[in-house]
Amino acid sequence: MSLRLGDTAPNFKAKTSAGEIDFYEFLGDSWGILFSHPADYTPVCTTELGKTAALKDEFAKRNVKVLALSVDTLESHKGWIPDINETQHVQVEFPIIADDDRKVSSLYDFIHPNASATATVRSLVVIGPDKLVKLIITYPASTGRNFAEVLRVVDSLQLTSSYGVATPVDWKDGEDVIVVPATSTEDAIKKFPKGVKVVKPYLRYTPQPNK
Ligand code: BEZ
């Protein structure tokens with residue numbers, strides 16, 4: 001099944017390195033990130049899962065729960081985690097799904113048969129507290145993801161959700177944000193007391209509301 005932005009993220013039960021989970025129960029009211037990696041005991045994946053563990057406090061600050069997934073077995077995940085901890089100087093505590101029956105991979109379209117018939121690609125899905133899909137990114141097996149970019153998108157999504165603003169190209173936390181076209185300038189001036197800069201009637205900025 002292909003999954004698109006705005007779809008409801010499918011629920012599932014799965015075995016993970018942290019025990020059996022029901023996805024929705026695991027998420028509760030939090031934001032979620034579910035990401036696939038091609039295989040255990042591979043170099044790029046080792047660095048990615050290490051970085052995810054290192055960013056534990058950044059995810060917690062944003063109320064994001066993280067899960068990884070590959071089609072490897074639970075025994076494989078459990079054997080690999082100490083290597084990640086040792087080589088990346090972290091403690092992997094987030095669950096890694098053992099999707100050896102490919103149930104979750106097929107729900108989330110993590111196997112792209114023309115890239116690999118058997119392994120999951122590097123896909124990452126951000127899910128909102130409403131269980132809707134907010135972001136889907138897919139990288140090839142040979143390119144490790146940029147988790148700073150993942151956090152940047154989460155920050156942008158959370159600003160949209162809380163304040164109804166958008167973020168411009170290359171936006172970074174603390175920089176001005178964009179008043180969305182659906183908000184009139186008159187309403188924006190009332191809504192954003194830090195001020196509204198009108199560059200064009202359709203291009204309006206306001207300081208980041210939560211700073
Ligand atoms: C890796 O994680 O290093 C990797 C996995 C599959 C193909 C290429 C690289």
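When a ligand or atom number is given, it counts from 1 through the structure's own listing order.
Dense packing is recorded around NZ of K15, with more than 12 heavy atoms of other residues, nucleotides or ligands lying under 6.0 Å away. The 12-atom threshold is exceeded at NZ of K131, counting heavy atoms of other residues, nucleotides or ligands nearer than 6.0 Å. For K197, the NZ atom sits in a loose shell: 12 or fewer heavy atoms of surrounding residues, nucleotides or ligands are nearer than 6.0 Å.
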*For Y41 and D72, what are the C-alpha separation, side-chain angles and deciding distance, and is it a side-chain contact (heavy atoms from CB on, under 4.5 Å)?*
CA-CA 10 Å; Y41 297 103; D72 295 289; over 6 Å; no
_Please determine whether side-chain contact (heavy atoms from CB on, under 4.5 Å) holds for the pair Y108 and T120, giving the CA-CA distance in whole Å, both sets of side-chain angles, and the decisive distance to 0.1 Å._
CA-CA 10 Å; Y108 280 83; T120 41; over 6 Å; no
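The salt bridge (Lys or Arg N to Asp or Glu O under 4.0 Å) check on E58 picks up K61, R62, with sequence neighbours excluded.
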Within the protein, flag every N or O under 3.5 Å from an N or O of ligand 1, and note the pair and distance.
residue: ligand 1; atom: 2 (O); partner: T42; partner atom: OG1; Å: 3.0
residue: ligand 1; atom: 2 (O); partner: V44; partner atom: N; Å: 3.2
residue: ligand 1; atom: 2 (O); partner: C45; partner atom: N; Å: 2.9
residue: ligand 1; atom: 2 (O); partner: R122; partner atom: NH2; Å: 3.0
residue: ligand 1; atom: 3 (O); partner: P43; partner atom: N; Å: 3.2
residue: ligand 1; atom: 3 (O); partner: V44; partner atom: N; Å: 2.6

